[in-house]
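Taking it in order: structure first as C-alpha cells, then the write-up.
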Amino acid sequence: MKILRVICSPRGTASESYRLSQTLIKHLIDAHRGTDLIITERGVTGLTHVDADYAQAVSKRRDPASLVASQGALLQAEQLIGELESADCVVIATPMHNLMVPSALKAWLDHVIQADRTFRITAQGKVGALRDRPVYVAVASGSTFSGVNAHQPDFLRPWLTTVLASIGLIDVRFFTVEGTGQKPEALEVIRENAERAAAQFFLDDRVA
Ligand SMILES: Cc1cc2nc3c(=O)[nH]c(=O)nc-3n(C[C@H](O)[C@H](O)[C@H](O)COP(=O)(O)O)c2cc1C
C-alpha cells in the first residue's frame, strides 16, 4: 500500500499537525499489517506558486504545440499529480492559517487540481478524474473551530472537502488538534483527546 503524506506546516516535523498525522500513519500501518507499505513524504512549504507560464499552459492545453512548449512549467505539477495518482491513501498534515488552509497547501492544490488532467469541465460542472481513495486530514489550530466551544469560523474543512471532491476525492476524514496555543499541561490533554479520537475512528473503521 502506498501512502502519500503532504506536510504543510512551516514547522515541519516539529509541528502539531505532523504529530497528529504520525498517529494516523501508525493506525494505518496497524490496519495493514502484512502488507508492504511505501510512504512518500511530500513537504509543500517550498513549492512555488503557479506562475504565468503555468497559467498560460493550462489555459491552452488543448493546443498540442503550446503543450510541448510549456512542458517545463508543467513539470512540477505533473510530478505532484503523479505522486497523488499512485497513492492508495493520502494523509494531509496541515495547520489552520487565518481560518483556512495555509498558502503552502493552497499552492499544492493549485498544482494538482488541473483542468483536462485531474478534472474535466462538463455542461454539468466539474467532474473529478482521479480514482477516489481515503484522504485523512490532520488539522492543528491555535484556537478552537469545531463543536460548541468554537471560537472562530471554519472555512478550512468545507473548502478543502469541496476542492478535493472536484478532482474525485470524496472519502475525506478530518482529525483535529485544536487549541495548540494553550499552556503545556492543557496542550497535553488536547493532544491526548485528539489521539483518542483517531484511535476510536480506526477501531470503528475496522469493525465496520
Ligand atoms: C500565519 C498564521 C495564521 C494563523 N491563523 C490561525 C487561525 O486562523 N486560527 C487558529 O486557531 N490558529 C491560527 N494560527 C495558529 C496555528 O494554527 C497553530 O499554531 C497551529 O498549531 C499550527 O499548526 P502546526 O503546529 O501544525 O504548524 C495561525 C498561525 C500562523 C503562523
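Numbers here simply count residues along the sequence, with the first being 1. What you see is a predicted model; the values in this text were computed from it and never measured.
A donor-acceptor pair is defined here as one N or O able to donate and one able to accept, closer than 3.5 Å; such a pair exists between the side chain of T180 and the backbone of S141. No donor-acceptor pair closer than 3.5 Å links the side chain of T118 to the backbone N or O of I167. N98 contributes no side-chain N or O that, together with a main-chain N or O of M100, makes up a donor-acceptor pair within less than 3.5 Å. Distance alone, capped at 3.5 Å, places no donor-acceptor pair between the D171 side chain and the R133 backbone. Looking only at distances, a side-chain donor or acceptor of H151 sits under 3.5 Å from a matching main-chain atom of N149.
Contact of the W108 side chain with the C8 side chain is not registered, since no non-hydrogen atoms from C-beta on lie closer than 4.5 Å. Considering only heavy atoms from C-beta on, L75 stays 4.5 Å or farther from E78 through its side chain. Looking at heavy atoms from C-beta onward, T94 lies out of side-chain contact with S9 at the 4.5 angstrom threshold. Two residues are said to be in side-chain contact when any heavy atoms from C-beta on lie closer than 4.5 Å; K106 and H111 fail this criterion. Using a 4.5 Å cut-off on side-chain heavy atoms (C-beta onward), F145 and R157 make contact. The shortest side-chain heavy-atom distance between M96 and D154 falls under the 4.5 Å cut-off. Side-chain atoms of V139 and L156, non-hydrogen and from C-beta on, do get closer than 4.5 Å to each other. Using a 4.5 Å cut-off on side-chain heavy atoms (C-beta onward), F155 and V101 make no contact.
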- Derivation and outcome, side-chain contact (heavy atoms from CB on, under 4.5 Å), residues L109 and W159: CA-CA 12 Å; L109 290 162; W159 181 83; 3.6 Å; yes
- Message: Go through it in stages, so that I can follow the logic: the residues are R5 and T40, the test is side-chain hydrogen bond (donor to acceptor under 3.5 Å, both in side chains), and I'd like the CA-CA distance, side-chain angles, deciding distance and then a yes or no.
- Response: CA-CA 6 Å; R5 172 160 48 183; T40 302; over 6 Å; no
- Please report the C-alpha distance between Y18 and R11 in whole Å, then the side-chain angles of each, then the deciding distance to 0.1 Å, and finally whether the side-chain hydrogen bond (donor to acceptor under 3.5 Å, both in side chains) criterion is met. CA-CA 9 Å; Y18 182 86; R11 302 197 305 131; over 6 Å; no
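With rounding to the nearest 0.5 angstrom, the CG atom of D110 is 10.0 Å from the CG atom of L47. Between R33 atom CZ and L28 atom CG the span is 12.0 Å, to the nearest 0.5 Å. Here OG1 of T161 is found 11.0 Å from CZ of R173. Values are rounded to the nearest 0.5 Å. In this structure, CD on Q152 lies 6.5 Å from OG1 on T144, to the nearest 0.5 angstrom. Rounding to the nearest 0.5 Å gives a distance of 11.5 Å between CG of L105 and OG1 of T45. Here the straight-line distance linking atom NE2 of H32 with atom CG of D88 works out to 8.0 Å at 0.5 Å rounding.
A search for ring pair (Phe, Tyr, Trp, His ring centres under 6.0 Å) contacts involving F175 returns F201, not counting sequence neighbours. In this structure H49 satisfies the side-chain hydrogen bond (donor to acceptor under 3.5 Å, both in side chains) test with no other residue, sequence neighbours excluded.
Ion pair K26/D30 not flagged as a salt bridge, since none of the NZ, NE, NH1 or NH2 atoms sits closer than 4.0 Å to an Asp/Glu carboxylate oxygen. By the 4.0 Å N-to-carboxylate-O rule, K2 lies too far from E83 to be salt-bridged with it. A salt bridge links E16 with R191: the distance from a Lys NZ or Arg NE/NH1/NH2 to an Asp or Glu carboxylate oxygen falls below 4.0 Å.
When every heavy atom of V163 is checked against every heavy atom of S166, the shortest pair comes out as O-OG, 2.6 Å. Taking both residues in full, the closest heavy atoms of P10 and H97 are given as CD-CE1, 4.1 Å, listed atom of the first, atom of the second, then distance. Between A194 and V177, the closest heavy-atom pair is CB-CB, 4.1 Å.
Cluster membership for M1 and L24, using ILVMFWY side-chain heavy atoms within less than 4.5 angstrom, is shared. Under the 4.5 Å side-chain heavy-atom criterion for grouping Ile, Leu, Val, Met, Phe, Trp and Tyr, I39 is connected to V91 within one hydrophobic cluster. In the hydrophobic clustering of ILVMFWY residues, with side-chain heavy atoms under 4.5 Å counting as a link, L130 and I170 come out apart. Clustering ILVMFWY residues whenever any of their side-chain heavy atoms sit less than 4.5 angstrom apart, transitively, puts F119 in a cluster other than the one holding V127. I7 and L169 end up in different hydrophobic clusters when Ile, Leu, Val, Met, Phe, Trp and Tyr side chains are linked at under 4.5 Å.
The side chain to side chain contact (heavy atoms under 4.5 Å, CB included) test with V172 is passed by exactly one of V90, V137, L160: V137.
No side-chain donor from either of S143 and E178 sits under 3.5 Å from a side-chain acceptor of the other.
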